Every structure is written in structure tokens, then in C-alpha cells.
Q: 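Structure in C-alpha cells, see below.
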Number of protein chains: 2
Amino acid sequence: MSQPDTKQRILDAAERLFATDGFHATSMRMITGQAAVNLAAINYHFGSKEELLAAVIDRRLVPLNAERNRLLEQELESARRQARPPSVRQLVRAMVAPTVALRGQGEGPEHFITLVGRILADPQGIGRDLFLERMGPFISRLFEAMRQALPHLDPGLLFWRLHFSIGALSHVMRCHDRHLRLPMPFDPSLPPEELIETLLDFIEAGLEAKP
Amino acid sequence: MSQPDTKQRILDAAERLFATDGFHATSMRMITGQAAVNLAAINYHFGSKEELLAAVIDRRLVPLNAERNRLLEQELESARRQARPPSVRQLVRAMVAPTVALRGQGEGPEHFITLVGRILADPQGIGRDLFLERMGPFISRLFEAMRQALPHLDPGLLFWRLHFSIGALSHVMRCHDRHLRLPMPFDPSLPPEELIETLLDFIEAGLEAKP
DNA sequence: TCTTGACTCAAACGTTCGTTTGAAACTAGT
DNA sequence: ACTAGTTTCAAACGAACGTTTGAGTCAAGA
């Protein structure tokens, strides 16, 4: 390949622009302009604008879900060894930690976070089916593991509380910095490690609420 | 006016299309086609496509925030009369109840919910500034009231937990029905009243978690 | 009846969109 | 040095975009 990084430069520029401006508001000329490649390179390397979006999503989501599954299986295995039910906090951590860790991994993952927020908000969008297809297996396994961790909880109630938990996570991911730019008399910023624990405190208490 | 409902028909069609397809993916010809009005009617009545979006948002958000503020002031006044701190649950209810109540109020409000989800996911979108401008006063007042309700809680921690709460709410609003269309061995659907209480249980426990 | 203002309409404006094309440039195997 | 295969390039394609225009329609006041 004469310029082996053409595909990567397109992926980086598309990730950034899809996140900041949205899929439909981003033109292929904007992408190829920022990537400093020819306009036809997208269709040559990816086929179409939609297939480019799929490639942008897959590049980060596949390894992310692999890590989430690894942490979940690790806790299930640890619980099995010790003949105890899996820990709610550790199960939630399997979902939360790799996600929050995306922050502080550079500009690319930050843009990816924003892009995922857009995809979740799009009820019939292009990337949504792909995203849910990638997420489904983990969510199913997390739900089953959570039923072992909270056997007394009604499954329907557990479903909704997991739903709320995912919402809290995705919302805090979506708003990196100044989402609610209110004049605050203090600085609410937290390092990622503390943010994880703060979020785990909140979700764990909500999942284990009494009624 | 010869056809006095032209503006309403445009607003209804735009609300539906902006929600399902997104602002940039919706053309003015799609809107005027579904509204059965002339293409130029949008520019005549609203000025531009962006001003139409602002009108769509304002139509529902202004009365919604009025109701939220009413409930919040009602609880503050009740607490003042009884010389007690405001109730966490009642304060959260002021934010949650009018929002969840939008479900079951017809097709229009349901589309509006989806549209708000899109606006929140758009970091520099057209409707975002307008939306935050409308929401800001209520959020600020809610935060101050919550500080009275939870005086022992660090303000920075309260900020984050309110952030998580808003996330749980907006996520559950965004996913009316089959957001996670996993093969569930049960029916997780709930009537709005029960959904409100289920969400309040979750948020209240999270806000009052110990550390 | 004439006039005025609000509204609707078909048609066109210039621009930008995603995609395609065919030739040129480059790399590597023989 | 020649060839085959891959990648880049400028240019153009038809289609769709948001907006504007100017004539036409209608209801109501003078």
C-alpha cells in the first residue's frame, strides 16, 4: 500500500465528525477533507457512507464488549469457586468500568462515546441495529448473572432497574464535561476512578432498593 | 385564516419526522408532504427549518417545565409550612412525574420524548441551546432544593447523583417499548403510575446511598 | 364593489449531496 | 523492463436539498 494509513485516517475523521455533527450532517467531503484523502477513497475502501459508519462503530465496540465479557466471566468464575452468589457491584463494574475507562484514552474514544450516545438516541438509525447486535449477548448474560446476584428481586423489577442503570451510565458518558453548564459554586469534576466508584455507589443502591 | 390549522399540521408532522428520522434526515418536502400543505408554507409561517424546530420544542417544553416548577414550589411551600426539610422523593417526583406522564398522552407527546432524546445526544445541535435555556432554571432550583433535602451530602457528590438521576429518567423516556428487544421470558411493561414509583424507588435509593 | 392584508400555490433558484468513472500513479513479482 | 494489481486522483453524474419568487386565492372592512 502506498499510503497504508488512508483507511485509519478516514476512520478517525469520520468518528470525530459523526460524533460532533451527526451522521446526516456530516458530508463525505468534510470527512475526506479532514482526513486529507481523495473524495472517492471512502467509496473505494468502505463501499458507502453507511458502511463507513459500521466500520467506525465496530472498530471500538468489539474490543470494548470483549473486555466487558471478560470481567463478567471473571466474577462469575470467582463466585463459582467460592460457592457464593456473584457480587452486584462487580457485575455492574463489568459494564461500567470499561466504558468509563474510555475517557482519558485520547480524543478518538471520547468521540466514540458521543457517537454511541447519538446512536442510542436514534430510534431507527443506521448504526442502531449493528450496535444492539453487538451489545445483546453481553446484556443477556449480565441480566442472567444479576438474577443470581439478586434472587429475591422480581425479574420484571430487575429488568427496569437494569434499564435505569444503563441510562445513568450512558447519560454520564454522553456528557463528558459541561453538559449542564450551570453556574456551579464548586468544581464537580472527578478523576475516572472516583467517577466509577461514585456511579457504582449510586447504581448498587438503586438495584438493591427495598420494595 | 382560510386554513387555520396549517401551522398545527406542520408542527405535528415536523415533530413526528424530527423524532423518527432526525432533524437533518428530514426534508422540508417530507414535512409538507405529510402535513398536506405547500412546500413554501414552512418558510412563510416559521421563517426557516431551524426556527420550525424551535417552535416544535417550545410548544411542549414550556408547559412541561411550568408543571415541573409548580410541583417543586408546591413541595417547598409544604415543607416550609411544616418546618421540615423538603422530601427527596417529592422533589424527584416534580422532575419525573410530568415527564413520564407524557407517555399515554397521545402520539404527539411520545414523538416529543424521542425528539428530546435526540437533542440531548447532539453536543452542538440546533435545538440544544434552546432546550438547556428552557431547562436551566428548573434544574438550578431543583439542585438548591435538593441541598436542603440532603444537607449532609457533599455538593459535588449531589451534583453527580442528580446527573445520574437525569440519565436514568431520560433513558427510560427514550426507550418507550422495545429498546432492548431481548427475548425476555416475561413481560416487563408497566403502567405509567407504577413506572413512576419504580423509578422513584431507584433514584431515591441512589441519591441517599451512604458514602 | 373595490381594496387590503393574509395566505396558498407551482415553479424555479443556486447549492450541495453520495456516488461513479476512467485515467494516472504506485508497488511488487517475474 | 515489463506486467498485474492496488490505490489515488480530478472531474463529472443525477438527485435532492433549503429557500425565494411572483402570481393567484380568499375573507372581510370601507
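Owing to the predicted nature of the structure, the values given are computational and were not obtained by experimental measurement. Here is how names work: the chains are called A, B, and so on, in the same order as the sequence lines, proteins then strands, and each is numbered from 1.
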Q: From CE of A:Met28 over to P of C:dT19, roughly how many Å is that when rounded to an integer?
A: 5 Å
Q: Sequence neighbours left out, what passes side chain to side chain donor-acceptor pair (under 3.5 Å) with A:Arg141? Give chain and number order.
A: A:Glu73
Q: Ignoring backbone atoms, establish whether B:Ser27 has a side-chain N or O less than 4.0 Å from OP1 or OP2 of D:dA16.
A: no
Q: Relative to the ring of B:His163, is the ring of B:Trp160 parallel (under 30°), tilted (30 to 60°) or perpendicular (over 60°)?
A: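 Parallel: the ring planes of B:Trp160 and B:His163 meet at under 30°.
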Q: Would you please name every residue forming a side chain to side chain donor-acceptor pair (under 3.5 Å) with B:Glu107, sequence neighbours left out?
A: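 In terms of side chain to side chain donor-acceptor pair (under 3.5 Å), with neighbours along the sequence ignored, B:Glu107 is linked to B:His111.
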Q: Please determine whether a side-chain nitrogen or oxygen atom of B:Thr6 lies at a distance below 4.0 Å from atom OP1 or OP2 of C:dT8.
A: yes
Q: Could you write out each protein N or O paired with an N or O of nucleotides 10-12 of chain C at a distance under 3.5 Å?
A:
from	atom 1	to	atom 2	distance (Å)
C:dA10	N7	B:Asn38	ND2	3.4

Q: Please state how far atom CG in B:Leu17 lies from atom P in D:dC17, giving the value in whole angstrom units.
A: 12 Å
Q: Over how many whole Å does the gap from A:Asp5 atom CG to D:dT6 atom P extend?
A: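 About 19 Å, once rounded to whole Å.
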Q: Give every residue pair that meets the salt bridge (Lys or Arg N to Asp or Glu O under 4.0 Å) criterion with at least one member in residues 27-37 of chain B, sequence neighbours excluded.
A: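 Qualifying pairs: none.
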Q: Specify the separation, in whole Å, of atom CE of B:Met30 and atom C1' of D:dG18.
A: 14 Å
Q: Not counting sequence neighbours, which residues clear side chain to side chain donor-acceptor pair (under 3.5 Å) with B:Gln124? List them please.
A: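 If we apply the side chain to side chain donor-acceptor pair (under 3.5 Å) test to B:Gln124, skipping adjacent residues, the hits are A:Asp21.
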Q: Give B:Thr32 one of three labels, base, sugar-phosphate or nothing, depending on what nucleic acid heavy atoms sit under 4.0 Å from its own.
A: nothing
Q: Please enumerate all residues that pass side chain to side chain donor-acceptor pair (under 3.5 Å) together with B:Ser27, with sequence neighbours excluded.
A: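 Residues passing side chain to side chain donor-acceptor pair (under 3.5 Å) with B:Ser27: none at all.
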Q: I want to confirm an ordering. Mapping A:Asn43 and A:Ala25 to their closest nucleotides on DNA chain C, which one lands closer to the 5' end?
A: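 Its nucleotide being nearer the 5' end, the pick is A:Ala25.
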Q: Please examine the side chains of A:Asp12 and A:Gln34, heavy atoms only from C-beta on, and report whether any two atoms are closer than 4.5 Å.
A: no
Q: If only side-chain N and O atoms of A:His24 are considered, is one of them under 4.0 Å from the OP1 or OP2 phosphate oxygen of C:dC17?
A: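 No, because none of the side-chain N or O atoms of A:His24 sits under 4.0 Å from OP1 or OP2 of C:dC17.
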Q: Atom CZ of A:Phe46 and atom C1' of C:dG18: how far apart are they, to the nearest Å?
A: 16 Å
Q: Grab the CZ-P distance between B:Arg9 and C:dC7 for me, whole Å please.
A: 14 Å
Q: Write down the distance between CD1 (A:Ile42) and P (D:dC9), rounded to a whole number of angstrom.
A: 13 Å
Q: Expressed as a whole number of angstroms, how long is the span from B:Tyr44:OH to D:dG22:C1'?
A: 14 Å
